[in-house]
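Convention: sequence-line order gives letters A, B, ...; per-chain numbering from 1.
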Amino acid sequence: MKIWTYGDNINTDMLFPGRYTYTCSTAEEILPHLLKDLDPDFAKRVKSGDIILAGENFGCGSSREQPALGLKAAGVQAVVAESFARLFYRASLNQGLLLIECPEAVRAFRPEDTVKINQENGRIYIGERAFEYPPLPNAIMDIWRAGGLLPYARQKLAAEKKGEHHV
Amino acid sequence: MIGTFAEKILAQKAGRHRVRPGQIVTVKPDLLLTHDNTAAIIGKIGDDLKKYGVFDREKHVIILDHIVPAASQKAAENHQKVRQYVAEYNIRHFYDAGEGICHQIVMEKGHALPGMLVLGSDSHTCTYGAINAFAAGIDRTEAAALLLTGETWLKVPHSIRIELSGHLPPMVTAKDLVLTIIGTLGAGGANYCSVEYHGDVKSLDMEDRMTIANMGVEMGAKNSVFLCDDQTGRHMKRNNLSVDLKKAVWADPPAVYKQTLAVDMNNIGPVVALPHSVDNVVPVSDAPGTPIQQFLIGTCTNGRITDFETAAAILKGRHVAAGSRLLLLPASRAVLQHTMASGAMQALIDAGGILLPPGCGPCLGAHQGVLAPGERCLSTANRNFKGRMGCAGAEIILAGPQTVAWSAVHGEIRDPREARKKQ
């Protein structure tokens, strides 16, 4: 498992170049260009279970969802950052990509450290040190449990439709 | 009711007496905007649409603007899919390629109005804060879910109050003002926040307010907003729109702000945002003589009537410097028609400008002015991210239209106040 580390204000053009935004929509189309202008090695070497560690305002800029969709499809276990830009945060949640906002953990990380995430107790372990991160609000956890926003919407619509038949 | 703009409008939309920052509310947006990405959005929910239909077709506005006319077969097929969807589901508010940039059209045609909640699958949806709407960008998946269910969740944001005083000096524009604010707050300085503009806003017309609100996302804001006043009325009248002003919403004391920033507009000068971050803002006087190969006046940030008219006042009777090119990108057909009739566009073309069709053009790097490695573009757009204009080896510098026009005459960054002395 590799830990990919990046700095502050990693923007959406670095995560996925704007020039491909309207020609690449599926995971298959997105993956070769993921992080292309930030780290050309990433798309070639990323493996399922890898973790990204970054600074402040990760994912700032565009509303494009290819970064979130691509990172989820690449199997990235989580992005841990000091803070996230709002649109990327929302897009990731809607894709079911785990984001952890924990500045203390990011700052504590040294290149030789291992990183482990325990979602059960809301803790991230950097080497031997444990850091707590704030859990998602309940309303958002429902979307998370459903596996993302579209599965959640489908569950809701199906339930409503069933309800109508009973009336 | 007391509270910030965001608290008041989200309480109203969620049917609650009062909401507090951090609270999650369920809301039904009054309008959903999508553009070329409509093809990808409906592609996610093809079967669901057949089963459940569109939640409310009157609330969906679609504008093709990002790659218009299509620059590739793939882009053309996307447009085709959108037109088929529009026909099949009888979407009334559809604007095909060439009408203009979505944010300009939504404002000109009155789709966004005071007191409305607007969500759009484009980060610059925040532009409609200019007309007192709560407007925020969302991703494609969320737009897809909204098409089916008509509702979503929003976290009530904390608010930042920007208290403006004075007047902008000559040759200094709303773009210089908002870039200065972003330089002060930082690219993530307003993250998750609602940014309210208070104080001496009367001198800022609707075009200025759109430029300022448009750049809200560049400081990380969820939305940025102005009150509804005479300037709003003038905009409505000019565009033959009518509105129920009682629907306008504004902050009422005692409202609690996360931060207040006082800005004296008299002290604002022309600035540029240097590569590769929008908050890398310095006075034009700190970057003189930087050679520029491509100039761009236009986009959803600065592609409006006054932007072209002030640029034309500078470039009339002059010429773009040899070795440089000037791209003109009107935000809408109406802007193009108006500036053609007024002679401004003629003056800019006579000065060597290259006129592009109303749309997003080269701003996102897909076509119509892609840069080469080592080239530099001085642009009135909203982003200078590395690679934004199609080439990671190029540089983008952001500025107001007058700075771009005067610099285009010289092929390098120049202070537009020099032009005033010569006029």
Side-chain angles (χ1 to χ4, degrees), chain A residues 8-9 11-14 16-26 29 36-38 40 55-58 60-69 82-96 136-140 142-143 148-154 156-158 160-161, chain B residues 22-24 26 36-37 39-40 43-45 48 51-52 66-67 72 74-75 78 120-125 136-142 144-146 148-149 152-153 155 157 186-188 191-192 217-218 220-222 276-277 279 363-367 370 383 385-392:
Chain A
D8 292 338
N9 293 320
N11 65 56
T12 44
D13 276 81
M14 293 169 169
F16 187 82
R19 56 190 178 277
Y20 306 125
T21 313
Y22 297 93
T23 46
C24 302
S25 309
T26 63
E29 291 166 331
K36 196 175 219 173
D37 290 343
L38 172 68
E56 290 181 1
N57 204 22
F58 187 87
C60 61
S62 162
S63 64
R64 75 188 61 141
E65 69 182 12
Q66 283 92 339
L69 208 153
E82 291 186 47
S83 66
F84 292 97
R86 170 192 161 259
L87 277 163
F88 177 78
Y89 189 84
R90 210 173 165 94
S92 298
L93 186 86
N94 288 341
Q95 295 305 328
L136 291 167
N138 276 338
I140 308 305
D142 290 344
I143 297 171
L149 185 64
L150 278 177
Y152 175 76
R154 287 184 187 116
K156 228 168 115 181
L157 286 165
E160 278 168 19
K161 199 158 190 172
Chain B
Q23 189 175 341
I24 305 276
T26 302
D36 297 38
N37 59 22
K44 292 173 187 288
I45 50 169
D48 305 295
K51 203 164 163 188
Y52 303 110
H66 269 57
I67 306 184
S72 64
K74 182 86 193 257
N78 276 344
S121 59
D122 187 279
S123 58
H124 294 107
T125 299
I138 53 170
D139 54 275
R140 294 174 179 182
T141 296
E142 181 142 8
L146 267 169
L148 294 171
T149 66
T152 192
W153 61 276
K155 187 158 94 172
N191 224 341
Y192 292 94
V217 68
E218 309 309 331
K222 181 170 199 155
H276 296 285
S277 178
D279 59 0
C363 181
L364 68 152
H367 67 156
V370 173
R383 287 203 177 119
F385 299 164
K386 191 179 174 192
R388 173 82 181 172
M389 289 178 82
C391 171

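When heavy atoms are compared at a cutoff of 4.5 Å, A:Pro17 does not approach chain B at all. Of the atoms belonging to A:Lys36, not a single heavy atom falls under 4.5 Å from chain B. Of the atoms belonging to B:Asn37, heavy atoms from both backbone and side chain fall under 4.5 Å from chain A. For B:Thr125, no part sits under 4.5 Å from any heavy atom of chain A, backbone or side chain. Using a 4.5 Å cut-off between heavy atoms, A:Ile140 touches chain B through its side chain atoms alone. The contact between B:Ser121 and chain A is made entirely by backbone atoms, counting heavy-atom distances below 4.5 Å. Heavy-atom distances place the side chain of B:Thr152, and not its backbone, under 4.5 Å from chain A. Within the 4.5 angstrom heavy-atom criterion, atoms from both the backbone and the side chain of B:Phe385 approach chain A. For a residue to count as touching a neighbouring chain, one of its non-hydrogen atoms must lie under 4.5 Å from one of that chain's; by this rule A:Phe88 does not touch chain B.
Remark: the backbone N or O of B:Val217 is not paired with any side-chain donor or acceptor of A:Arg86 at under 3.5 angstrom. With B:Asn78 contributing its side chain and A:Tyr22 its backbone, the two residues share a donor-acceptor pair below 3.5 Å. Formation of a donor-acceptor pair under 3.5 Å by the A:Glu56 side chain with backbone atoms of B:Gly188 is not found in this model.
Residues A:Asn11 and B:His276 share a closest heavy-atom pair of ND2-O, 4.5 Å. In terms of heavy-atom proximity, B:Ala144 sits nearest to A:Leu150 at CB-CD2, 4.1 Å. The shortest non-hydrogen separation linking A:Ala91 to B:Asp139 is CA-OD1, 3.3 Å. Scanning both residues, A:Leu93 and B:Trp153, for their nearest heavy atoms gives CD2-CZ2, 3.6 Å.
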**OP:** Apply salt bridge (charged side-chain N to carboxylate O under 4.0 Å, His left out) to B:Lys386 and A:Asp37, showing your working.
**Re:** CA-CA 8 Å; B:Lys386 191 179 174 192; A:Asp37 290 343; over 6 Å; no
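Counting heavy-atom pairs closer than 4.5 Å to chain A, the top-ranked of the candidates B:Lys74, B:Lys51, B:Met389 is B:Lys74. The candidate from B:Asp122, B:Thr26, B:Val370 with the greatest count of non-hydrogen atom pairs under 4.5 Å with chain A is B:Asp122.
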